[in-house]
A.B. asks: 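One structure coming up, written as structure tokens, with questions to follow.
Per chain, numbering begins at 1; letters A, B, ... match sequence-line order. Predicted, not measured: the structure shown is a model, and the values here were computed from it.
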Amino acid sequence: MAGKKPGREVESVEPGEEPRLFHIGVSPHIRGKHTTTSIMRWVIAALLPLTAYGVYIGGTDALVVVLMSVVGAVATEAVIQKLRHLPVSIGDLSAVVTGLLLALTLPPGLPFWMPLLGGVVAIALGKQVFGGLGHNIFNPALVGRAVLFISWSEYMTTSWLVNPQAAAVQTSAIKSINAVTSATPLATMGNVRDGELALEASRYCGSLLFGNPWGCIGEVSALLILAGLVVLLIKGLVYWGIPVGYVGTVVALSWVLGMDPLFAALSGGLLLGACFMATDYVTNPMTARGKLVFAVGCGIITVVLRFYSNLPEGVMFAILVMNGFTPLIDRYITPRPYGHKGLVKKV
Amino acid sequence: MGWVRNLQRELFTKGGVHPPSNKIAATVKIFPGPYPETVIIPLSQHIGAPCEPLVEIHDRVLIGQKIGDSEAYVSAPVHSSVSGEVTGIIGYHHPTGTEVRSVQILSDGMNEVHPSVEPPGDPMEMTPQQIRKHIREGGIVGLGGATFPTHVKLAPPEGKQIELVIINGAECEPYLTGDHRMMVERGEDIIVGARVIERAVGAERIVVAIERNKPDAITLMRELGAEHGFEVAVLPARYPMGSEKTLIKGITGKEVPSGGLPMDVGVVVDNVGTAAAIYDLFYEGMPLVDRVLTVAGDGVAGHANLRIKVGTLVRDVIDFCGGLVGEPGKAILGGPMMGLAQYTTSVPVIKGTSGIVVLRGETVWHREPAHFVCIRCGRCVRHCPMNLMPYLMGSYSDAGMWEELGPLNIDDCVECGCCAYTCPTKNPLVQLIKVGKEGLARQQRKMEELAEEWEEA
């Protein structure tokens, strides 16, 4: 490996003189342009409009949540890698993505330590205990959110209703129905499961699409989530089957169970989860068919939790549960190799 | 025959990548290469048994004279590409990275052709056996890069009916344009050569496969096809479309069984260069002593398609093209996806050298060994044309868990490099898979030995 020495003059070599040495190495000698960092950069870019709008709606409260969450995640990654005497890899931006995703699943107006703690938990318990990037079983951002959700559920589900900015955007009609009953339109569904109310709810799809004031920071606009997804799809960074399979399953099952399908698709954390959480590379299966199974599984569990549990929302636990099934899916759903009749022998 | 897909439609196969094609030399005519003062002709330029030298030091040899041959069936003789004096039979650098016994010939500049070089007669009157014998004597091997002896390829065993001859002009490797130029400039010769192949294997149909990024070659071959009665299959411009197995799947829809050969599905695939070499052999009498290759890359001054005498040193070819420019990175024999990086340019061009690609340090991929972290993005699985799971093979190989590699069908890997190309963490998957293949073979040998010991005991 002598080619990197500076100041070497190519022209100085006369024909016949023992020529220079070149790099050697196994093919391929050219590589694609994507790197881990560039992928993470695109994910952040896809999330930015949504984050910006969420902060615009949620105000400084939301900004604090986003910053604290990202700082908690990045700092934890750096500290743990230092402690483990590993090269600090916060430059690959994966911790930033984790922190950002976590923040988007949190309501604005949390006390500052809560998103910070969420970021720490996400990286420490969600990622580094498994060995760091690429080795974790569960989506780190959702691990962080799950811990917060279980520990301080009253903050997590109701606090943003008193958020003044959010309240200002709310129309009074929406407020009269929802604020009284419970946290989100979906919580209404989960508790009441009243057919009439479900139809009523479909009227609010417009606001869910453009500016939903009672969601988490990342649930303010379904349209911006979809815009982010389109960016990732165009760049070839996510497999379309996951969001489509996930949302499709939820829509179909909700329709069968009598909920307005559009409302089912747009409400709660479904779109954010289907577009940005379920598509997390590390924690979903490797093959296209495996990803579809994963997505459909997420959809089924989400609907079951939405309809038959006392949780207001099922996306987070649905994805976490299916994360747990990912190794199993990867073991049994494998591509049929070229020139083989059946499936590959089980590994 | 209904089993060839409708060639008018876009042919589809799974996997593959789109590296920048960089086919800058596509419009440059094939030009005779440098006339070397010295050639170094390795006695092993093919898959199979190496040749024994037939000449001694200080012998005078002539162009087309056989200078090495072997008794083995899977082997191909080598011929002198210049006239001159044998100055040594030496161990010398070989493009595969090993040292190989080679015949060094000092050219006398006379270009005297050996009396044995004359057309052997009309191949269309010959039996398949006679055609194969002549092809063997002509030292013809697969010129696409694999250098499998052609006479072996054209000898289907009893009971195997070959129905289709695919002439491979896909040339999916970036930078390389030699096959493209051959089709444009020597289209008719290629077809005549293909007819000889067709006769040797008893096939009834010829399909010339070309990637869609060579419109001039497609137009020309289609015109020739209407005249001579063969078809042209237009392939998507995607690497590794020209890989034998991918090509067969694309054209026939059939898959070569694992561990099998194209003849198992009634197909023979030969490169356009091989077909042209067969033409040269039967109609001009000249055995395989030169080949067309592309010189390209941002590390070399001029881009060209050259007809190079086998045994010419790469160094001389690069000098002929204006020498190196910029900070040198890699000197690759073949294309950048599957070619072999050389540490020195003092290696001879051999029959399988389809290109000399010199890339600057900043263009080429080279990195000190480091810890590569798979982020499980699934690109390697998605892009694998063989439908394998490179990420798993890579990690098992890295961990030395050879026994896990067998069930993953690691031996089906064609080492095309799509996985490593597309990997965002730049994991050297091809390297790991190569190591894994050897590890698995070593372990299987060990198990067999153990089994034998048990039986004896």
A.B. asks: Mind running side chain to side chain contact (heavy atoms under 4.5 Å, CB included) on B/Q342 and A/I24 for me, showing each step along the way?
C.D. replies: CA-CA 6 Å; B/Q342 308 295 317; A/I24 52 167; 5.9 Å; no
A.B. asks: Distance alone, cut at 3.5 Å: any donor-acceptor contact between the side chains of A/H340 and B/N387?
C.D. replies: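 No, because no side-chain N or O of A/H340 sits under 3.5 Å from a partner of the opposite role on B/N387.
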A.B. asks: Rounded to the nearest 0.5 Å, what separates atom CG in B/L388 from atom OG1 in A/T334?
C.D. replies: 10.5 Å
A.B. asks: Under the criterion side chain to side chain contact (heavy atoms under 4.5 Å, CB included), I'd like the reasoning laid out for B/L359 against A/F22: C-alpha separation, chi angles, the key distance, then a yes or no.
C.D. replies: CA-CA 10 Å; B/L359 297 176; A/F22 291 84; over 6 Å; no
A.B. asks: Taking side chain as everything from C-beta outward and backbone as N, CA, C, O, which of these in A/I39 sits under 4.5 Å from a heavy atom of chain B? Side chain, backbone, both or neither.
C.D. replies: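 The side chain, not the backbone.
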A.B. asks: So which of B/L429, B/V358, B/V381, B/T246 has the largest heavy-atom pair count under 4.5 angstrom toward chain A?
C.D. replies: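 Among B/L429, B/V358, B/V381, B/T246, the one with the most close pairs to chain A is B/V381.
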A.B. asks: Going by atom types only, do A/H29 and B/K330 share a side-chain donor-acceptor pair under 3.5 Å?
C.D. replies: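 Per modelled atom types, A/H29 and B/K330 side chains form a pair under 3.5 Å.
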A.B. asks: Non-hydrogen atoms of chain A under 4.5 Å away: do they reach the side chain of B/P174, the backbone, both or neither?
C.D. replies: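 Side chain of B/P174 only, per the 4.5 Å heavy-atom cut-off to chain A.
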A.B. asks: State, yes or no, whether a side-chain contact exists between A/S27 and B/L340 at a heavy-atom distance under 4.5 Å.
C.D. replies: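 No, side chains not in contact.
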A.B. asks: Can you tell me which portion of B/N427 sits under 4.5 Å from chain A's heavy atoms? Options are side chain, backbone, both or neither.
C.D. replies: backbone
A.B. asks: With only heavy atoms counted, which part of A/K291 is less than 4.5 Å from chain B, the side chain, the backbone, both or neither?
C.D. replies: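 Contact with chain B: side chain only.
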A.B. asks: Hey, does B/P428 have a side-chain heavy atom less than 4.5 Å from the side chain of A/V26?
C.D. replies: no
A.B. asks: Name the region of B/Q431, side chain, backbone, both or neither, that has any atom closer than 4.5 Å to a heavy atom of chain A.
C.D. replies: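 Both parts, heavy atoms under 4.5 Å.
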A.B. asks: Under a 4.5 Å cutoff for heavy-atom pairs, which residue among B/G378, B/P336, B/G417 has the most contacts with chain A?
C.D. replies: B/P336
A.B. asks: Of the backbone (N, CA, C, O) and the side chain (C-beta and beyond), which part of B/C423 lies under 4.5 Å from a heavy atom of chain A, both, or neither?
C.D. replies: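 Backbone only.
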A.B. asks: Could you tell me which portion of B/V256 (side chain, backbone, both or neither) has an atom closer than 4.5 angstrom to a non-hydrogen atom of chain A?
C.D. replies: both
A.B. asks: How long is the span from the NE2 atom in A/H34 to the OG1 atom in B/T422, to the nearest 0.5 Å?
C.D. replies: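 Rounded to the nearest 0.5 Å, the NE2-OG1 separation comes to 8.0 Å.
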A.B. asks: Less than 4.5 Å apart, side chain to side chain, heavy atoms only: is that true for B/N409 and A/Y338?
C.D. replies: no
A.B. asks: Between B/I375 and chain A, which part of the residue has a heavy atom less than 4.5 Å away: side chain, backbone, both or neither?
C.D. replies: both
A.B. asks: Can you check whether B/R376 reaches A/D330 side chain to side chain, under 4.5 Å on heavy atoms?
C.D. replies: yes
A.B. asks: Distance check, rounded to the nearest 0.5 Å: B/C377 atom SG versus A/D280 atom CG?
C.D. replies: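 Taking SG in B/C377 and CG in A/D280, the distance rounds to 11.5 Å.
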A.B. asks: Any chance you could measure B/M386, atom CE, to A/R336, atom CZ, to the nearest 0.5 Å?
C.D. replies: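 CZ of A/R336 is found 10.5 Å from CE of B/M386.
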A.B. asks: Residue by residue, scan residues 233-241 of chain A and write down, ordered by number, those that have a heavy-atom distance under 4.5 Å to chain B; if none do, write 'none'.
C.D. replies: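 Only A/G236, A/L237 of residues 233-241 of chain A have a heavy atom under 4.5 Å from chain B.
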